[in-house]
Amino acid sequence: MKKFLKYVAIAFAAVLLVACGAKGGGESGSGKTYNVGVAIYKFDDNFMTLYREELERYFGELSKKTGNKYVLDIQDGKQDQATQTEQINNFIAQGKDVILANLVDPTAAGSIINSAKSANIPVVLINREPEVDELNIWPGKTTYVGADATQSGTFQGEIIAATASKGDLNGDGVVNYITLFGDPANVDAQQRTAYSVKALDAAGIKRKALAEPYLANWDTAKGQEVTASALEQFGDKLEVVFANNDGMAVGAVTAIKAAKRTVGKDILVVGVDAIPDAMELLAKGELTGTVLNDHFNQSHTAANVAVKLMNGEDVESYYWVDYVKVTKKEDSQLKEAEPKTETTKEAKERYAKRDK
């Protein structure tokens with residue numbers, strides 16, 4: 001695990017996607033100043049904290065490289081779409097050069113894109129995927145940068161399928177599981193929930209949901225609370241906990257310890273994000289696995305795409321960054337590569353195939 005963490009640090013430090021100099025920039029100090037509005041759905045989300053901190057650091061790096069100055073105005077939406085919409089409207093009124101938006105409610109994308117379009121301010125949507133048609137409102141000047149959540153859900157299921165028990169710890173031929181659900185309106189939560197168990201199906205593993213997904217709002221304390229409730233209700237019958245993110249997975253582990261059960265021995269837990277708290281549990285064998293949600297490559301890609309838009313360039317509709325499986329037994333490989341891009345038409349075709 002130490003080897004893996006060291007590799008991650010080195011790989012992340014080395015990541016440099018194609019950085020584009022803004023108009024008039026250069027090392028002569030004659031560059032321009034660009035104002036970037038950044039709307040985050042809530043500051044106390046574990047993953048988005050890592051994301052926005054790296055985004056700010058990387059824009060600083062781009063400023064030094066290009067001679068231009070990128071001034072970031074980062075706002076906390078406090079998990080309230082009305083609050084965030086007001087913040088974004090303020091960005092528009094202030095004439096920001098570009099807006100990066102991690103929406104509280106992805107269904108708000110259409111109205112926000114229309115408002116930004118009327119002011120000729122390009123938009124980079126990050127982390128929370130909008131409907132495909134929303135990016136057709138202003139093609140070339142709006143884009144989504146993120147990771148395909150179906151991949152993260154699939155990886156969760158594959159991690160369980162790769163364990164010695166294949167998730168069937170009591171040997172009755174069926175994997176009995178629960179899912180800790182992030183947010184009903186969030187496409188990542190929906191897809192991770194669906195594809196984690198589709199991966200078990202693909203591996204020929206029988207499975208049974210002991211209950212409907214438990215709403216835990218991406219929150220550690222709530223993850224602990226609902227897992228404790230499930231353990232009380234189902235007892236030793238519960239074998240696997242799928243958590244839509246690591247925050248909830250960490251809460252689940254706390255509840256499991258309190259119930260005198262042992263992760264890896266009589267229950268399995270998988271999350272998503274590879275946050276530091278989860279990695280510590282993984283190193284101690286107290287978490288079955290997680291899936292790296294690569295905030296470095298995602299934030300760098302978002303910044304690079306934003307710079308292109310500020311240069312007046314058109315961009316693709318989608319920029320995808322791969323997830324990476326992380327378990328204690330394997331040294332996962334991080335890929336230093338340009339993000340995969342996709343047009344709206346290609347996205348629609350992929351969705352049509354995926355949703356069959």
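Applying the salt bridge (Lys or Arg N to Asp or Glu O under 4.0 Å) definition to pairs two or more places apart or across chains, those involving residues 212-225 are Lys222-Glu225. Pairs of residues two or more places apart, or lying in two chains, that qualify as side-chain hydrogen bond (donor to acceptor under 3.5 Å, both in side chains) and include a residue from residues 171-185 are Asn176-Glu239, Tyr177-Arg207.
The closest side-chain heavy-atom distance from Pro184 to Leu215 is below 4.5 Å. Between Thr107 and Asp105 there is a side-chain heavy-atom pair separated by less than 4.5 Å. Here the side chains of Val71 and Thr33 are in contact, with some heavy-atom distance below 4.5 Å. Looking at heavy atoms from C-beta onward, Gln94 lies out of side-chain contact with Asn35 at the 4.5 angstrom threshold. Between Leu268 and Val263 there is no side-chain heavy-atom pair separated by less than 4.5 Å. Counting only heavy atoms from C-beta outward, the side chains of Tyr323 and Asp294 never approach each other to under 4.5 Å.
Note on Val123: it clusters hydrophobically with Ile92, by side-chain heavy-atom contacts below 4.5 Å among ILVMFWY residues. If you chain together hydrophobic residues whose side chains sit under 4.5 Å apart, Ile99 and Trp138 fall into the same group. Residues Ile275 and Val324 are members of separate hydrophobic clusters, defined by side-chain heavy-atom contacts under 4.5 angstrom among Ile, Leu, Val, Met, Phe, Trp and Tyr. In the hydrophobic clustering of ILVMFWY residues, with side-chain heavy atoms under 4.5 Å counting as a link, Phe47 and Met279 come out together. Neither Leu50 nor Val321 shares a network with the other; the hydrophobic side chains, linked directly or stepwise wherever heavy atoms of I, L, V, M, F, W or Y lie under 4.5 Å apart, form separate groups for each.
In this structure a side-chain-to-backbone donor-acceptor pair under 3.5 Å is missing from Asp273 to Asn245. No donor-acceptor pair under 3.5 Å is formed between the side chain of Arg128 and the backbone N or O of Pro106. For Thr163 (side chain) and Ile159 (main-chain N/O), no donor-acceptor pair under 3.5 Å exists by modelled atom type. In this structure, Asp246 contributes its side chain and Ala278 its backbone to no donor-acceptor pair below 3.5 Å. The main-chain N or O of Gly173 is found under 3.5 Å from a side-chain atom of Asp168 such that the two form a donor-acceptor pair. Formation of a donor-acceptor pair under 3.5 Å by the Gln84 side chain with backbone atoms of Val104 is found in this model.
Residues Phe181 and Met248 share a closest heavy-atom pair of O-SD, 3.7 Å. Between Lys328 and Leu282 the shortest heavy-atom distance is CD-O, 3.5 Å. Scanning both residues, Phe91 and Ala39, for their nearest heavy atoms gives CE1-N, 4.0 Å. What you find for Ile205 and Val175 is that their closest heavy atoms are CG2-CG2, 3.5 Å. For the residue pair Ala255 and Ala228, the shortest heavy atom distance occurs at CB-N, 3.7 Å. Of all non-hydrogen atoms in Thr344 and Ser317, the two that sit nearest each other are OG1-OG, 2.7 Å.
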Start with the C-alpha distance between Thr49 and His295, add both sets of side-chain angles, then the distance that settles side chain to side chain contact (heavy atoms under 4.5 Å, CB included), and finish with yes or no.
CA-CA 10 Å; Thr49 295; His295 68 277; over 6 Å; no
Run the side chain to side chain contact (heavy atoms under 4.5 Å, CB included) check on Ile267 and Leu238 step by step: do they pass?
CA-CA 7 Å; Ile267 193 166; Leu238 175 57; 4.0 Å; yes
Apply side chain to side chain contact (heavy atoms under 4.5 Å, CB included) to residues Leu135 and Leu125 and explain how you reach the verdict.
CA-CA 10 Å; Leu135 297 179; Leu125 298 170; 4.1 Å; yes
Checking Glu54 against His300 for the side-chain hydrogen bond (donor to acceptor under 3.5 Å, both in side chains) test, could you report, in this order, the C-alpha distance in whole Å, the side-chain angles of both residues, the deciding distance, and whether it holds?
CA-CA 8 Å; Glu54 180 59 21; His300 289 199; 2.6 Å; yes
Criterion side chain to side chain contact (heavy atoms under 4.5 Å, CB included) on Asp148 and Gln191, from CA distance to verdict
CA-CA 9 Å; Asp148 185 348; Gln191 292 175 349; 4.1 Å; yes
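The existence of a salt bridge linking Glu61 and Arg57 is confirmed by a sub-4.0 Å separation between a basic side-chain nitrogen and an acidic carboxylate oxygen. A salt bridge links Lys348 to Asp133: at least one charged side-chain nitrogen sits closer than 4.0 Å to a carboxylate oxygen. Between Lys340 and Asp322 there is a salt bridge, since at least one side-chain N of the basic residue sits less than 4.0 Å from a carboxylate O of the acidic one.
More than 12 heavy atoms of other residues, nucleotides or ligands sit less than 6.0 Å from atom CD of Gln75. Within 6.0 Å of CD in Glu86 there are 12 or fewer heavy atoms belonging to other residues, nucleotides or ligands. Heavy-atom neighbours of Glu131 CD from other residues, nucleotides or ligands within 6.0 Å: at or below the threshold of 12. Other residues, nucleotides and ligands place more than 12 heavy atoms under 6.0 Å from the NZ atom of Lys42.
Figure legend: cation-pi geometry between Lys237 and Phe234 absent, as NZ or CZ is not positioned both under 6.0 Å from the six-membered ring centre and within 45° of its axis. Annotation: cation-pi geometry satisfied between Arg52 and Phe43 (NZ/CZ under 6.0 angstrom from ring centroid, within 45° of ring axis).
A distance of 10.5 Å separates CG of Asp314 from NZ of Lys308, quoted to the nearest 0.5 Å. Note that the OG1 atom of Thr83 and the CG atom of Asp76 stand 9.0 Å from one another [nearest 0.5 Å]. Taking NZ from Lys141 and CD1 from Ile113, the interatomic distance works out to 14.0 Å, rounded to the nearest 0.5 Å. Interatomic distance, CG of Asp266 versus CZ of Arg261, reported as 4.5 Å (0.5 Å rounding). Of the inter-residue distances, the one linking Gln81 atom CD with Gln87 atom CD reads 9.5 Å to the nearest 0.5 angstrom. Rounded to the nearest 0.5 Å, atoms CD1 (Ile178) and CD (Gln233) are 9.5 Å apart.
Between the side chains of Asn304 and Tyr58, at least one donor N or O sits under 3.5 Å from an acceptor N or O.
Taking the six-membered ring where tryptophan is involved, the planes of Trp320 and Tyr318 are essentially parallel, since the angle between them stays under 30° and well short of 60°.
Residues satisfying the side chain to side chain donor-acceptor pair (under 3.5 Å) criterion with Glu316, sequence neighbours excluded, are absent altogether.
The side chain to side chain contact (heavy atoms under 4.5 Å, CB included) with Tyr319 is formed by just one residue from the set Val145, Ile126, Asn297; it is Val145.
Side-chain rings of Tyr34 and Tyr70 approach one another, their centers coming within less than 6.0 Å.
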